[in-house]
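Letters A, B, ... mirror the listed sequences (proteins, then strands); counts begin at 1. Just so it is clear, the values below take in all heavy atoms, side chains as well, and ignore hydrogens, waters and symmetry mates.
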Amino acid sequence: MPKDNGIGASPKRREDVRFLTGAGNYTDDINVNGQAYVHFLRADVAHATINSIDTSAAETMPGVVKIFTGADFAEVGGIPCGWGVTDRHGNPQQEPRHPIIAHDTIRHVGEIVAAVVADTLEQARDAAEAIDLDLSDKPAVVDMTKALADGSPKVHEDLSSNLCYDWVFGNPDDDAVQAAFDSAAHVTTLELVNNRLVANPMEPRVAIGDYSRGTDEYTLHTTSQNPHVIRLLMCAFVLGLPEHKVRVIAPDVGGGFGSKIFHYAEEAFCTFAAKACGRAVKWTSTRAEAFISDAHGRDHVTKIELALDADNNFTALRTNTMANMGAYLSTFSTSVPSYLHGTLMAGNYKTPIVQVNVKTVFTNTVPVDAYRGAGRPEATYQLERVIDKAARELDADPIALRRQNFITEFPYETPVALTYDTGDYVATMDKLEQVADLAGFAARRAESEKNGKLRGFGVNCYIEACGIAPSNIVGMLGARAGLYDAATVRVNATGTISVFVGAHSHGQGHETSFPQVVADMIGIDEGMVDIVHGDTGRVPFGMGTYGSRSIAVCGSAMVRATEKIIAKAKKIAAHLMEASDADIELKDGQFTVAGTDKSVAWGDVCLTAYVPHNYPLEELEPGLEETAFYDPANFTYPAGAYACEVEVDPDTGKVTIERFSAADDFGNIINPMIVDGQVHGGLGQGIGQALLENAAYDEDGQLLSASYMDYAMPRADDVPFYQVDHSCQTPCTHNPLGVKGCGEAGAIGSPPAVVNAVIDALQSGGKNVTHIDMPLSPPRVWAAMNG
Amino acid sequence: MYEFEFVKPATVAEAVAALAEEDAQALGGGQTLIPTLKQRLAMPSKLVSLTGIPQLKEIGDNDGVLTIGGAVTHAAVAEAAADSYPALADLASHIGDPAVRNRGTIGGSLANNDPAACYPAAALGSGATIVTNRREITADEYFRGLFETALEEGEIITAVRFPVPEKANYQKFLQPASRFALVGVFVAKYAAGVRVAVTGASEEGVFRWREAEAALDASFAPDALDGHSVDAAGMIGDLHGTREYRAHLVKVMAKRAVAAA
């Protein structure tokens, strides 16, 4: 019997009522009295020297308030990078200045060259067209191999090369690793591309800067996943403002997928310009701007080698990856190909030797940063593809080969710095075989073949390090921030509760799931609990939502704060019932004295806390409000196994996903319906990457897929009905809820399953195709079949 | 978008007069023009809407010829032609999405002549006649390359006359992002012969695949196309498919259209 409330129940998402009925409050819905509008003049060439910018004609245009160029920002800082990686020689990463507005040099299409603030947006656009730019084009650097070649033009003249860092992880001893390969019975090698993606949240970015001359206070409304992080970065590194004078509000946010983690130039601009113009300044990104100014994702080129002994045991793994940084270092860019990728290269397997080599590269393209999964999809994709290729080469069953090499004992210390606290990969694979109806595949394949189609079955496993993260560990790894989170539980006099959380909900359903936890702990109706999020003026200093961390980290802080509330409430209840607080029990919203029939209700205790007439004032403060900060002891390790079944039309190369099954172990689950939805969304994005999405540049640095006419987003009819199971649960051992996080799993685990399935289909049709790079578009599949 | 004047005349004569002004532009359903204006890629002084002219919204079915007014929407064609010319109705019912189909017009589509649009394939494949305020133009004369037609300044498509074939079918392979035709093939069998028109594929825009027509005249069956192919050299090669792939798809789609006709 499923629960109907509390932890484990699936109440409908309360926030959906306002989202679906047009009552949401997104940043663009906010208008500040007297606001002006900014239009950014963006570079339409990838690399150029700015000889001069003449704004004189534009300044006389109707409605123009002020025009800004790079020179106006010479005295403020650049956009900072939040993670410093140390290279294989012990040297720091190369970090170029990242200006708010391009100064002297344009380095990617879409970079801001000038900003026009005017009374109306149309006036700002008109004036921008009157700005006279004198540019000298420079050769664009787009391809990573060419960018690293001797004599390549440099993206940043003041850096020694286009190499950001050359990093090694795992076993750094090249000779020892090579020896393991030399002694292997079999080595499988695979070269592959993890295609560049555009995040494409439904809501484009928006920023409104506001400044009060009376109080010298700034307010920034912005589409952010982590308002406190934005405030810290903008105040401390860019504008040099006192944090207590700056409030950052991220109200309803229409999806982020990572792209709204980062501090963007437009946020700092609007905040700066509000004071300079004496008016609030509003910017709303167009979809066209989003394609060339939101951080992109992925874009890795990898060679991976897997060594096996004569019994098909994995003995060593070595990878060489080039990762595109784009023209500048976005906030967490350098962490993605290093610590979010290299640490996951062991996967679900007990490979004893793992060496990860990564070169990050500057190019004249939009900056690249975290996108749903961030580093972990890149790791999973290469590992699960090379395992599948090895199985084919060895004529081994791909599932059996995986099972044979599974980690089965926990805790397990990987050769790439992580300690998996718990998991059961055999159980998720067992469950997957059942959910995916593996036994029925042969019949389904025969049916497809009767219809002239090729059918393939692809499987893969994944593990991710979520709930990021223990601050002391990420600090050692180069993070320039802590990654705790915080919650304040404020109980009102009538017993209702507002929980102020550092996590930010922009699609995750926190407004439904977080109250389930608090209500369950106290035994009251969920409707009595609301969360408040997304406003540095209201919530405690939290680090926001990304890396599947909200329930594992912020949820844990919320539990700790609620425990403090309950402890205090028990003391009040004990006083009211003239008992010892050690004897007080709380169940279903009633405090009782153990072994007696005395009881007092939750609401009476709350009222007493705020109307303390009969109250132990000498021992206990009145009021009922507690805050907790929580810094986890370890990452959490969601893991699972996915299976994809495809049909390929041999005439056209078109791939159709017929079935997709997921068996996930997310530990304990708060709201199964929301978890289903999170997996569905992740699968959609992973399938999008595998079959459709491709941010393609030409050699001049022009983005070819810069609109929905050319960038193929997955639509409802591109994906199947999913079979999603999360009944395998090995609870996290180190957080109070035993939760692991579920937001990224679908995007991490699905691309290799899709590609493995397509290769299986083509092989079944007698085509000797061992690999196709994503997206597996019809022409690519057709060319591979006929190559 | 830039500022412009907007007029919505009630007669063809008024529309023609309005279009005489320099930089005036006709507006059908606006499914291409409005996005273009929003991106500031066009700067007409005046938009002359053609959707308020009753004459352009008429649909007639007479003696095996289906006549569709220039301002008839795709959705209206899908409904009105369902019995008289099912292949055309089916094509219309798969253009864009419901919003596009309820705004976009046949005249607008043919006047724009997007190389990946569906209607040019139907018009050319049916040997349709494009009727304007000045003259009648055969489809073979009308299409002149990418976004190029025989229309002159101030000339408005008032109707399109489709001879109804014995059988016909349109097969479209979707470009995955835009969902325009990556390749679309319209096959129609008339007493006078088979016509095969291809959209989406060629650098010259919609074209007749005459080799296929001859083969299908001899035998109207998918197998009749075995051994025939279009030359990849003139095909479009881009992010969504090589020249060779498009050339291959022309044949695959043509065979499927014959099979389904």
Exercise. Can we call the ring centroids of A:Tyr708 and A:Phe291 under 6.0 Å apart?
Worked result: yes
Which region of [X], side chain (C-beta onward) or backbone (N, CA, C, O), has a non-hydrogen atom less than 4.5 Å from a non-hydrogen atom of chain B, or is it both or neither?
X: A:Arg125; value: both
X: A:Ser777; value: neither
X: A:Pro778; value: both
X: A:Asn694; value: side chain

Contact part of [X] toward chain A, heavy-atom cut-off under 4.5 Å: side chain, backbone, both or neither?
X: B:Gln175; answer: side chain
X: B:Met1; answer: backbone
X: B:Arg246; answer: neither

Under 4.0 Å between a Lys/Arg side-chain N and an Asp/Glu carboxylate O for [X] and [Y]?
X: A:Glu289; Y: A:Arg205; value: no
X: A:Glu693; Y: A:Arg196; value: no
X: A:Arg42; Y: A:Glu111; value: no
X: B:Lys189; Y: B:Asp217; value: no
X: B:Asp223; Y: B:Lys255; value: no

Seminar exercise, completed: Per-residue tally against chain B (heavy atom, under 4.5 Å) across A:Thr652, A:Leu704, A:Thr286 peaks at A:Thr652
